[in-house]
Amino acid sequence: MPGGCSRGPAAGDGRLRLARLALVLLGWVSSSSPTSSASSFSSSAPFLASAASAQPPLPDQCPALCECSEAARTVKCVNRNLTEVPTDLPLYVRNLFLTGNQLAVLPAGAFARRPPLAELAALNLSGSRLDEVRAGAFEHLPSLRQLDLSHNPLAYLSPFAFSGSNASISAPSPLVELILNHIVPPDDKRQNRSFEGMVAAALVAGRALQGLHLLELASNHFLYLPRDVLAQLPSLRYLDLSNNSLVSLTYVSFRNLTHLESLHLEDNALKVLHNGTLAELQGLPHVRVFLDNNPWVCDCHMADMVTWLKQTEVVQGKDRLTCAFPEKMRNRVLLELNSADLDCDPILPPSLQTSYVFLGIVLALIGAIFLLVLYLNRKGIKKWMHNIRDACRDHMEGYHYRYEINADPRLTNLSSNSDV
């Protein structure tokens, strides 16, 4: 475009002349009224000083006792015995490590800042001796994707810990990965509440975790899973329930976890999977199930599971699954069993037989002691029985005498005259 190119220098010369004229006029005004400019500067000086003194701390400074890397967007406050979350975290922080501290309680708005920590995406609070996580503890973290609360003895986990202090109006949590391994508190701190129920309430409250992809609940001594614990986690892809004490999966439903890819159930106390659970697992299109190191009971109730194992491909390492009970089936591979092997033998396991034998010995010992006491007190017992016999005989003779008097009218009249 030649026309446009020819106009460029002329337009530039015009702007330069206007700028020079403005500078001349400005110099003339400042030279004509020096007192007014000085007074205006002096009047604005206090304001500038107060504004400078009221400025918050620099947004990119590193908190004391912490290590910061602006290039890696990371802050590490590890093993510093901190009792609360630092208030002067830099705004650039994307990965925050607060592990190995003494936080104890995580209150509502523990990470609320002005301006907010808008870049914080990964938060690790593992091993910080947290006893209590209150409602809204993770509010005002709009980019938080990963949260690790592992190895904290959580006696109280608020139902609204992840959904905000008011679940009815709060936005869904941005969390994608939630790690809650080994958070079981000591028995003396459970306060007569179900630990399984407490964790389930936090997972379903307000439907805040519907975008969650990964959930780890390993090593929590779970005896069972509440019925609706997975009902509000439709996007879940990875679920780790290993190293618990789960006996059965009868009451929990996996039906709505259509995106589930990995289900870890190793190192539990599972004895058999029933038809309902088998059908739900088979209906998940992408799932891989891990069932190693469970004490499978190979009796007549195992027949359906054995048939399912031979047909399905969802169980990883299924050729390693072996029987634990009864004794005659111990270490038999499940895939090698047939219907003739799976009968309900009434014979009890050896451990239970030993328990009954011990109980019989205790009862026999108690009986022997009782008989010995009776033998040592035989004279006193004999005298006591004679006294009872004499008392009963006297009592019966009185009844017999009254009966004879009432039966004979003459004795009745004689008795009445003698009374007179």
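As the structure is a prediction and not an experimental result, all values here were calculated from the model. The residues of the chain are indexed from 1 along the displayed sequence.
Under the 4.5 Å side-chain criterion, counting only non-hydrogen atoms from C-beta, L106 is in contact with L125. Between E261 and L284 the shortest side-chain heavy-atom distance does not fall below 4.5 Å. Counting heavy atoms from C-beta outward, L342 and C298 have side chains that approach closer than 4.5 Å. Between N294 and L321, the closest side-chain pair of non-hydrogen atoms is not below 4.5 Å. Residues L96 and L89 form a side-chain contact, since some pair of their non-hydrogen atoms from C-beta on lies under 4.5 Å apart. Contact annotation: the side chain of Y156 never approaches that of V133 to less than 4.5 Å [non-hydrogen atoms, C-beta and beyond]. Under the 4.5 Å side-chain criterion, counting only non-hydrogen atoms from C-beta, I183 is in contact with L180. Under the 4.5 Å side-chain criterion, counting only non-hydrogen atoms from C-beta, C66 is not in contact with R80.
One N or O on the side chain of N152 and one on the backbone of S150 form a donor-acceptor pair closer than 3.5 Å. With D228 contributing its side chain and A201 its backbone, the two residues share no donor-acceptor pair below 3.5 Å.
Of the N and O atoms on the side chains of T99 and N124, not one donor lies less than 3.5 Å from an acceptor on the other residue. Side-chain contact annotation: R288 with S262, donor-acceptor N/O pair under 3.5 Å present. Between the side chains of N181 and E216, a donor-acceptor pair is found at a separation under 3.5 Å. Using modelled atom types and a 3.5 Å distance limit, the side chains of N275 and D304 yield a donor-acceptor pair. A donor-acceptor contact closer than 3.5 angstrom is absent between the side chains of Q210 and S235. In this structure, a donor-acceptor pair under 3.5 Å is present between the side chains of S194 and Y224.
None of N101, N79, L149 except one satisfies the side-chain contact (heavy atoms from CB on, under 4.5 Å) rule with S128; the exception is N101. Under the side-chain contact (heavy atoms from CB on, under 4.5 Å) rule, L337 has a single partner from R332, K310, M305, which is R332. Just one of D148, L123, T74 meets the side-chain contact (heavy atoms from CB on, under 4.5 Å) condition when paired with F97; it is T74.
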With side-chain contact (heavy atoms from CB on, under 4.5 Å) as the criterion, how do Y92 and E119 come out once you've worked through the C-alpha distance, each side chain's angles and the decisive distance to 0.1 Å? CA-CA 6 Å; Y92 64 73; E119 300 295 325; over 6 Å; no
Run the side-chain contact (heavy atoms from CB on, under 4.5 Å) check on V315 and T312 step by step: do they pass?
CA-CA 7 Å; V315 178; T312 188; 4.3 Å; yes
Might you work through the side-chain contact (heavy atoms from CB on, under 4.5 Å) test for C300 and D343, ending with a clear yes or no?
CA-CA 4 Å; C300 57; D343 58 347; 5.6 Å; no
Exercise for review: Tell me, with the steps shown, if S242 and L265 meet side-chain contact (heavy atoms from CB on, under 4.5 Å).
Suggested key: CA-CA 5 Å; S242 62; L265 293 166; over 6 Å; no
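Using a cut-off of 4.0 Å between Lys/Arg side-chain N and Asp/Glu carboxylate O, K271 and D299 are scored as not salt-bridged. A salt bridge links E280 with R255: at least one charged nitrogen is closer than 4.0 Å to a carboxylate oxygen.
The CG atom of D292 sits 10.5 Å away from atom NE2 of H264, with the distance rounded to the nearest 0.5 Å. The CG atom of L203 lies 8.0 Å from the CG atom of L157; values are rounded to the nearest 0.5 Å. For the atom pair R237 CZ and T258 OG1, the distance stands at 9.0 Å (nearest 0.5 Å). To the nearest 0.5 Å, atoms OG (S173) and CG (L178) are separated by 8.5 Å. Taking CG from L91 and CZ from R114, the interatomic distance works out to 14.0 Å, rounded to the nearest 0.5 Å. Note that CG of L372 and CG of L374 are 9.0 Å apart. Values are rounded to the nearest 0.5 Å.
You'll find the ring centres of F195 and H221 outside the 6.0 Å limit.
The two residues P153 and R129 make their nearest non-hydrogen contact at CD-CA, 4.1 Å. Taking all atoms of both residues into account, the shortest heavy-atom contact from A118 to P142 is CA-CG, 4.1 Å. The minimum heavy-atom distance linking N244 with L217 is given by the pair ND2-O, 3.1 Å. In this structure, L141 and P174 approach most closely via the heavy-atom pair O-CG, 3.7 Å. Closest approach of A324 to P295, counting heavy atoms only: CB-CA, 3.6 Å.
In this structure, R330 is positioned above the aromatic face of F325, its NZ or CZ under 6.0 Å from the six-membered ring centre and within 45° of the axis.
Residue Q102 qualifies as enclosed at atom CD: its count of foreign heavy atoms under 6.0 Å is above 12.
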